[in-house]
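What you see below is based on every heavy atom in this structure, not just the backbone, and it leaves out hydrogens, waters and symmetry mates.
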Amino acid sequence: MESQLARREEHKVFGLTVSPLNQRRWQNFCANKRGYWSLWIFLVVFVFTLFAEFFANDKPILIKYQSEYFSPIFKTYPETVFGGEFDLEADYRDPYIVDLIESKGWIVWPLIPYSSSSIDYELDVPAPSPPSKRHLLGTDDQARDVLARVVYGFRISVLFGLVLTIFSSIIGIAAGAVQGYFGGLTDLLMQRFIEIWEGLPVLYLLIIMAAVIQPNFFSLLALMLLFSWTGLVAVVRAEFLRARNFEYIRAARALGVSDTTIMVRHILPNAMVATLTFMPFILSGSITTLTSLDFLGFGLPAGSPSLGELLNQGKNNLQAPWLGITGFLVIGFMLSLLVFIGEAVRDAFDPRKLFK
């Protein structure tokens with residue numbers, strides 16, 4: 001009885017019941033200390049940037065005025081609410097508005113009192129200004145706080161990469177599954193199409209399309225999705241080609257199980273091992289592509305907080321080395337974490353380590 005209870009406890013991870021194989025994979029992942037700590041660091045930084053409006057904003061988090069509470073982050077208030085003269089949105093950086101509020105209440109400011117688009121009109125030196133107590137990483141050539149733009153730019157880059165990775169993986173897995181499972185003419189035609197599609201000059205096509213239409217987050221995502229889905233096709237196709245003639249697959253066919261059920265329930269879990277191994281590297285590649293387009297000026301709309309745009313400013317303002325250095329360090333830090341996580345995932349699914 002004690003051995004059975006111990007065995008049951010061994011299959012618990014964070015309170016969830018998992019199979020012995022997945023438990024062994026998690027142990028192998030944790031054994032790679034560099035990847036394990038990279039995952040936690042990446043998650044902490046990413047969650048922090050998800051709530052960037054609470055940490056980097058030119059609007060107060062909370063205002064108390066005449067026994068009432070206001071949250072400008074969630075709602076727009078005219079300055080007449082605080083005793084001002086105009087029925088326009090209150091400018092909380094205006095000393096006049098600040099004095100009106102503090103005369104009958106108090107203000108709670110974010111840790112970084114600037115948003116990604118805030119322009120500091122009170123700089124002591126011409127923009128771009130060097131790092132100081134007012135701006136820890138300095139300002140760019142439009143007097144915007146670099147630290148605030150890095151926080152928002154990190155969030156946009158990771159969200160863009162995650163969404164692109166998820167959708168491109170879904171399409172790539174579906175295409176590879178169809179090719180590998182049915183084979184024959186279907187595999188031949190799709191393989192020739194993918195070879196032609198991959199031979200297209202992707203970067204030039206993205207630049208041309210971005211010049212024709214006004215790019216935004218979703219249009220740029222759709223354009224990049226057209227060419228990024230082929231990354232996992234070969235891996236999934238090979239797994240389906242290998243597994244479609246296994247005995248249990250033949251038995252399922254003989255029992256009348258549908259092709260869709262066989263593909264999804266019996267073969268796809270095996271293909272997902274290789275897919276999950278490649279996904280962190282696909283994510284880093286997606287972020288790099290977005291950064292490259294932003295650096296060339298064909299990415300997100302002008303004014304968007306972008307790490308590639310920060311690098312471009314560093315190139316155009318060699319007298320302000322903090323711009324290029326900041327962009328390089330942030331991108332290098334982000335990609336290094338993703339690569340370390342990918343290496344740990346690869347170790348976790350390595351069959352040579354699973355059955356030692």
Side-chain angles (χ1 to χ4, degrees), residues 18-22 24-26 28-29 161-202 205-206 221-289 338-339 341-355:
V18 297
S19 66
L21 179 61
N22 288 331
R24 181 61 177 168
R25 287 170 176 167
W26 174 249
N28 286 343
F29 180 88
L162 285 174
V163 175
L164 181 60
T165 300
I166 291 172
F167 282 99
S168 62
S169 298
I170 292 174
I171 299 174
I173 291 171
V178 171
Q179 280 187 255
Y181 182 79
F182 292 103
L185 184 61
T186 301
D187 183 30
L188 180 64
L189 293 177
M190 292 186 66
Q191 194 65 18
R192 298 293 82 77
F193 170 77
I194 291 175
E195 290 173 358
I196 296 172
W197 195 251
E198 288 183 329
L200 296 175
V202 178
L205 290 175
L206 289 173
L221 179 66
L223 290 176
M224 293 182 63
L225 183 60
L226 290 175
F227 303 100
S228 62
W229 60 270
T230 59
L232 289 174
V233 173
V235 177
V236 178
R237 171 180 173 269
E239 186 62 37
F240 271 75
L241 281 172
R242 183 180 69 89
R244 66 175 183 166
N245 292 321
F246 285 174
E247 292 297 329
Y248 72 93
I249 300 298
R250 292 181 177 181
R253 287 201 195 98
L255 292 173
V257 180
S258 65
D259 292 333
T260 303
T261 302
I262 294 175
M263 294 168 64
V264 174
R265 184 173 298 179
H266 299 294
I267 305 180
L268 184 60
N270 296 327
M272 289 303 295
V273 172
T275 300
L276 292 174
T277 302
F278 277 97
M279 286 187 73
F281 302 103
I282 297 175
L283 174 58
S284 62
S286 301
I287 294 175
T288 303
T289 303
L338 292 175
V339 170
I341 294 171
E343 291 177 350
V345 173
R346 182 188 60 195
D347 292 343
F349 287 95
D350 189 346
R352 295 172 298 180
K353 297 184 179 181
L354 285 175
F355 302 105

Contacts of F29 meeting ring-ring contact (aromatic ring centres under 6.0 Å, His included) (sequence neighbours excluded), chain-then-number -> W26
side-chain contact (heavy atoms from CB on, under 4.5 Å) between T186 and Y181, worked out
CA-CA 10 Å; T186 301; Y181 182 79; over 6 Å; no
Take atom CZ of R265 as the centre, draw a 6.0 Å sphere, and report whether it contains more than 12 heavy atoms from other residues, nucleotides or ligands.
no
To the nearest 0.5 Å, what is the distance between CG (L189) and CD (Q179)?
10.0 Å
Which pairs with one or both residues in residues 226-241 pass salt bridge (charged side-chain N to carboxylate O under 4.0 Å, His left out), sequence neighbours excluded?
D187-R237, E239-R242
Sequence neighbours left out, what passes ring-ring contact (aromatic ring centres under 6.0 Å, His included) with F167? Give chain and number order.
none
Sequence neighbours excluded - ring pair (Phe, Tyr, Trp, His ring centres under 6.0 Å) pairs with any residue from residues 251-282:
none
Heavy-atom closest pair (F240 atom, A271 atom, distance to 0.1 Å) is CE1-CB, 3.9 Å
For R250, all residues meeting side-chain hydrogen bond (donor to acceptor under 3.5 Å, both in side chains), sequence neighbours excluded
none
Please round to the nearest 0.5 Å and tell me the distance separating atom CZ of F246 and atom CD1 of I262.
14.0 Å
Non-neighbouring partners of T261 that pass side-chain hydrogen bond (donor to acceptor under 3.5 Å, both in side chains), sequence neighbours left out
S258
Nearest heavy atoms of V345 and P280, plus distance in Å
CG2-CG, 4.4 Å
Working to the nearest 0.5 angstrom, can you tell me the gap between I170 CD1 and I166 CD1?
7.0 Å
Residue list, side-chain contact (heavy atoms from CB on, under 4.5 Å) with S286, at least two apart or on another chain
L164, T165, I282
What pairs with E195 under salt bridge (charged side-chain N to carboxylate O under 4.0 Å, His left out), at least two apart in sequence or on another chain?
R192
Side-chain donor-acceptor pairs of residues 221-236 under 3.5 Å, sequence neighbours excluded:
| unit_1 | atom_1 | unit_2 | atom_2 | d |
| --- | --- | --- | --- | --- |
| S228 | OG | M224 | O | 3.0 |
| W229 | NE1 | L226 | O | 2.9 |
| T230 | OG1 | E198 | OE2 | 3.3 |

Looking only at heavy atoms, which two atoms of A348 and N28 are closest? And how far apart?
CA-CB, 3.8 Å
To the nearest 0.5 Å, how far apart are CZ in R25 and CG in D347?
13.5 Å
Note, L338 side chain near I287 side chain (heavy atom, < 4.5 Å)
yes
I need the minimum non-hydrogen distance between G180 and R244, along with the two atoms involved.
O-CD, 3.4 Å
Distance in Å, M263 CE paired with I249 CD1, rounded so as to fall on 0.5 Å steps:
10.5 Å
